[in-house]
Amino acid sequence: MECGAARSDPVESAADPDAALASATLADLRSWLSVQSGEGVARATVARRAAAVRTFYRWAMRTERVKADPSLRLVAPRRGGRLPAVLRQADADRLLDVAAVAADDEDPIHIRNRAVLELLYASGIRVGELVAIDVDDLDLGTNMVRVTGKGAKERVVPFGIPARRALDSWLATRGRLATGESGPALFLGRRGRRVDPRQVREVVHVLLAHVPDAPDLGPHGLRHSAATHLLEGGADLRVVQELLGHASLATTQLYTHVSLDRLRRSYEQAHPRA
């Protein structure tokens with residue numbers, strides 16, 4: 001009762017924060033997380049806050065502000081297991097066909113858009129990596145491109161013959177948009193400046209709208225699709241990790257779950273005794 005009375009007095013708790021720390025229980029902390037979850041706070045955010053509380057109580061123990069750590073058994077709700085949406089391989093082919101047909105009008109922007117989509121899907125690079133590519137980062141002799149990923153880490157990523165052809169067409173057209181402000185940027189906007197991620201996202205959304213029944217994805221959806229299709233085609237998980245520039249193999253393993261989920265759904269739809 002005395003403990004409950006102490007916690008019911010906000011003035012006393014405010015005056016003695018160490019007492020408030022010492023009086024908190026595991027049930028209090030669980031209730032605090034539960035309220036946040038009930039208010040719609042993202043699971044990842046709740047998990048980060050739970051981790052922060054555990055770190056804080058470890059500090060409080062070291063500094064002898066508390067004699068017991070109520071956060072030892074505090075477990076945040078598990079992060080959602082929602083898998084990323086990806087294109088079917090047939091839909092990816094249709095998307096690139098749409099981009100190719102649009103480029104037939106010789107508009108330099110449409111030719112650029114085709115090269116952008118081909119390179120995104122062929123390499124699985126991030127949109128931020130794509131827009132930062134300079135002309136000299138391309139090696140058309142080996143069909144490789146150098147990109148700078150998270151943490152300023154460089155890696156070299158291969159791309160296929162269709163992407164090479166689209167890039168050849170774009171490079172032959174780039175001069176029609178280039179200005180003194182273009183610098184070495186590979187992909188340019190209508191005014192000759194380096195293209196930005198927002199423009200690339202719009203391109204992907206607009207062209208995907210012409211693919212019936214395809215999910216509305218952005219450039220990152222093409223990255224997810226490329227990784228999933230590589231694994232479905234038999235690529236080694238470590239190779240895909242290196243291509244995508246993932247620091248942890250656990251991140252790449254997400255795409256194995258995507259592949260298995262698609263396999264399960266296909267089985268359930270096709271097998272008479274599923």
Side-chain angles (χ1 to χ4, degrees), residues 7 10 13 17 20-21 23-61 66 69-88 91 120-121 124-132 148-153 196-206 208-209 214-229 231 237 240-241 243-265:
R7 276 184 286 152
S13 295
L21 281 177
S23 67
T25 65
L26 176 61
D28 293 329
L29 298 179
R30 285 174 172 169
S31 176
W32 174 65
L33 293 181
S34 177
V35 168
Q36 293 179 70
S37 297
E39 291 176 348
V41 176
R43 290 186 179 184
T45 300
V46 175
R48 285 196 299 271
R49 291 175 180 174
V53 167
R54 290 193 294 268
T55 300
F56 180 76
Y57 266 101
R58 285 198 297 270
W59 167 82
M61 287 286 289
V66 296
D69 182 355
S71 73
L72 284 176
R73 292 188 292 122
L74 182 64
V75 179
R78 297 182 64 180
R79 296 191 179 198
R82 186 179 63 179
L83 298 175
V86 297
L87 295 176
R88 295 173 297 179
D91 287 341
L120 279 173
Y121 178 61
I125 59 177
R126 303 175 178 92
V127 65
E129 296 169 344
L130 176 108
V131 300
T148 303
K150 293 182 177 179
K153 294 181 179 178
D196 63 43
R198 178 189 57 79
Q199 292 171 293
V200 176
R201 290 188 187 98
E202 182 178 358
V203 168
V204 176
H205 287 302
V206 168
L208 256 180
D216 182 22
L217 305 178
H220 213 68
L222 292 185
R223 176 173 163 86
H224 290 318
S225 301
T228 302
H229 298 166
L231 289 169
L237 192 63
V240 177
Q241 177 190 9
L243 289 174
L244 298 183
H246 286 158
S248 169
L249 187 64
T251 305
T252 316
Q253 285 174 329
L254 167 69
Y255 299 108
T256 65
H257 300 315
V258 175
S259 298
L260 290 173
D261 183 62
R262 287 156 61 97
L263 176 64
R264 179 186 55 78
R265 283 188 278 114

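Hydrogens, waters and symmetry mates are skipped; everything else that's a heavy atom, side chains included, is used.
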For [X], enumerate each residue passing the side-chain hydrogen bond (donor to acceptor under 3.5 Å, both in side chains) test, keeping only those at least two apart in sequence or located in another chain.
{"X": "R126", "answer": "E129"}
{"X": "D69", "answer": "S71"}
{"X": "Q36", "answer": "R49"}
{"X": "H224", "answer": "Y255"}

On a heavy-atom basis, which atom in [X] and which in [Y] lie closest, and how many Å separate them?
{"X": "V200", "Y": "P219", "answer": "CG1-CG, 3.9 Å"}
{"X": "A226", "Y": "G124", "answer": "CB-CA, 4.0 Å"}
{"X": "P215", "Y": "L208", "answer": "O-CD1, 3.6 Å"}
{"X": "A227", "Y": "L244", "answer": "CB-CD1, 3.6 Å"}

Considering residues at least two apart in sequence or located in another chain, which fulfil the salt bridge (Lys or Arg N to Asp or Glu O under 4.0 Å) criterion with D216?
-> none

Walk me through it: do L120 and R223 pass the test side chain to side chain contact (heavy atoms under 4.5 Å, CB included)?
-> CA-CA 7 Å; L120 279 173; R223 176 173 163 86; over 6 Å; no

For L33 and V53, what are the C-alpha separation, side-chain angles and deciding distance, and is it a side chain to side chain contact (heavy atoms under 4.5 Å, CB included)?
-> CA-CA 11 Å; L33 293 181; V53 167; over 6 Å; no

Begin from the C-alpha positions of L222 and L217 and carry the test side chain to side chain contact (heavy atoms under 4.5 Å, CB included) through to its verdict.
-> CA-CA 7 Å; L222 292 185; L217 305 178; 5.6 Å; no

Residues two or more places apart in sequence or in another chain: which of them pass side chain to side chain contact (heavy atoms under 4.5 Å, CB included) with [X]?
{"X": "Q241", "result": "R238, H246, L249, T252"}
{"X": "A132", "result": "none"}
{"X": "A250", "result": "S248, Q253"}

Can you run down the ring-ring contact (aromatic ring centres under 6.0 Å, His included) pairs that involve residues 31-59, sequence neighbours left out, and say none if there aren't any?
-> F56-W59

Could you go step by step and tell me if V131 and D196 meet the side chain to side chain contact (heavy atoms under 4.5 Å, CB included) rule?
-> CA-CA 6 Å; V131 300; D196 63 43; 5.7 Å; no

Go through S31 and D28 one step at a time and tell me if the side-chain hydrogen bond (donor to acceptor under 3.5 Å, both in side chains) criterion holds.
-> CA-CA 5 Å; S31 176; D28 293 329; over 6 Å; no

Short side-chain to backbone donor-acceptor contact, H229 and L87, under 3.5 Å | yes

Hey, which of H220, R198, R201 is the one that makes side-chain contact (heavy atoms from CB on, under 4.5 Å) with V127?
-> R201

Here the gap from L72 atom CG to R58 atom CZ, rounded to the nearest 0.5 Å, amounts to 9.0 Å

